[in-house]
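The block underneath contains the structure these notes are about, expressed in structure tokens.
Please read these numbers as outputs of a predicted model, since none were measured by experiment.
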There are 2 protein chains.
Amino acid sequence: MDDADLQRFLDELREGGGRVTTARRAIATAFLDAGGHVTVDDLASTVQAAHPEIAVSTVYRTMEALEERGLVEHLHLGHGPAVYHRSDELHHHLVCEGCGRVVEVPEETLTRFASEIAERFDFRIEARHFALPGWCATCLAAPEPPPA
Amino acid sequence: MDDADLQRFLDELREGGGRVTTARRAIATAFLDAGGHVTVDDLASTVQAAHPEIAVSTVYRTMEALEERGLVEHLHLGHGPAVYHRSDELHHHLVCEGCGRVVEVPEETLTRFASEIAERFDFRIEARHFALPGWCATCLAAPEPPPA
DNA sequence: TTAGCTGCAAAAGGTTTGCAAATTA
DNA sequence: TAATTTGCAAACCTTTTGCAGCTAA
């Protein structure tokens with residue numbers, strides 16, 4: 001993990017009048033160590049190994065605080081819990097409905113599609129908050145392929 | 001509502017060894033009357049007006065049975081409960097994260113984008129199960145526009 | 001000192017499940 | 001009759017909330 005990142009997270013927390021506590025330091029560290037697509041539950045387990053007293057609700061509230069400051073973002077991969085990732089990673093996500101595998105696709109992959117939608121439907125697609133579902137090649141070839 | 005549709009729903013239920021009960025008839029009727037994008041809760045309320053004893057769990061199980069037979073499909077519009085629609089309406093959905101408005105877009109709107117994704121990422125997008133989030137023109141112009 | 005956090009426990013939503021009793025075919 | 005459904009209640013899972021006590025600034 002990059003210590004500078006942790007520093008930045010904590011600094012930004014303080015800047016908005018927030019406080020840096022043991023829990024927040026531990027959660028931010030766990031998050032940065034994990035490197036993408038972590039659930040609150042993942043973070044809670046990691047953090048609780050060293051600090052069993054840190055509550056899940058604190059993890060929720062800490063991630064919320066980081067999100068308000070624009071440091072992290074959550075997204076929904078499908079059913080199940082939301083995952084968090086650093087907000088400086090601007091990619092979209094494809095999720096296989098068969099195996100759950102996540103494929104990251106660069107932002108600009110959607111550019112043309114998004115402007116088509118904007119033009120025809122007067123609607124600005126902002127597809128980072130929910131993953132695009134579908135089927136990966138492996139699952140398409142598998143014994144139990146997707147419906148239709 | 002089209003009586004032929006109800007008939008078809010009930011027939012298909014019977015064909016697979018399923019049974020047609022008072023509850024299922026009432027639920028199917030309520031669904032067809034509603035005409036798209038109904039939650040289980042919507043259906044339960046409608047149905048319970050005449051049959052207070054019909055349980056929500058029965059509505060879940062009935063819609064599941066209809067879905068297994070390919071008559072209906074559920075999709076997730078965002079947070080909140082899933083909605084059901086007839087599976088012969090093959091469109092995609094845009095949902096405004098500001099006001100919740102749902103815009104239906106024809107299947108083929110995604111064709112080019114989907115083949116681009118297929119080619120570049122070996123992944124078949126199947127975006128009917130989750131709506132595409134974004135912002136409608138009204139909310140974009142509103143006092144509190146979307147982040148970023 | 002005092003606004004801002006924390007832990008805990010409880011609650012809120014949406015959905016699923018177990019089971020005995022009722023019903024359909 | 002035998003297999004399927006039902007109603008009810010309880011459980012589940014993720015997330016949110018209330019609140020008294022604690023703590024960073």
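In this structure, B:L10 atom CG and C:dA25 atom C1' are separated by 15 Å, rounded to whole Å. As rounded to whole Å, 14 Å separates atom P of C:dT23 from atom NE2 of B:H51. Summarising the geometry, the separation between OH on A:Y60 and P on C:dA12 is reported as 17 Å, rounded to the nearest angstrom. Protein atom NE2 of B:H76 is 11 Å distant from nucleotide atom C1' of C:dG14, rounded to whole Å. A:M63 has its CE atom 12 Å from the P atom of D:dT15, to the nearest Å. A:R24 places its CZ atom 8 Å from the C1' atom of C:dG4, with the value rounded to the nearest Å. The separation between B:R25 atom CZ and D:dT5 atom C1' is 13 Å, rounded to whole Å. A:L66 places its CG atom 11 Å from the P atom of C:dC5, with the value rounded to the nearest Å.
Nearer to the 5' terminus of DNA chain D, by closest-nucleotide assignment, is the contact made by B:R19 (compared with the other of B:A55 and B:R19). Annotation: of the two residues near DNA chain C, A:G18 and B:E64, the 5′-most nearest-nucleotide partner is A:G18.
Donor-acceptor pairing under 3.5 Å, judged by distance alone, is absent between the side chain of A:R61 and the base of C:dG4. For a distance-only test at 3.5 Å, the side chain of A:S57 qualifies as a donor-acceptor partner of the base of C:dC8.
When heavy atoms are screened at a 4.0 angstrom cut-off, A:V20 is found touching the sugar-phosphate backbone but no base atom.
When each of D:dA24, C:dG7, D:dT5 is scored by its nearest atom to the side-chain atoms of A:T21, the top-ranked nucleotide is D:dA24. When distances run from any side-chain atom of A:I54 to the nucleotides C:dT6, D:dT6, C:dG7, the shortest one goes to C:dG7.
Here the options are A:L10, A:L6, A:D5, A:D11, the test is side-chain contact (heavy atoms from CB on, under 4.5 Å), and the partner is A:R8; only A:D5 passes. Partner of A:R128 under the side chain to side chain donor-acceptor pair (under 3.5 Å) criterion, chosen from A:E89, A:H93, A:E73, A:H92: A:E73.
Within 6.0 Å of CZ on B:R69 lie more than 12 heavy atoms contributed by other residues, nucleotides or ligands.
A distance-only check finds no donor-acceptor pair linking the side chain of A:T62 to the backbone of A:R24 [under 3.5 Å].
Taking the six-membered ring for Trp and the full ring otherwise, the centers of A:H74 and A:H85 sit at least 6.0 Å from each other.
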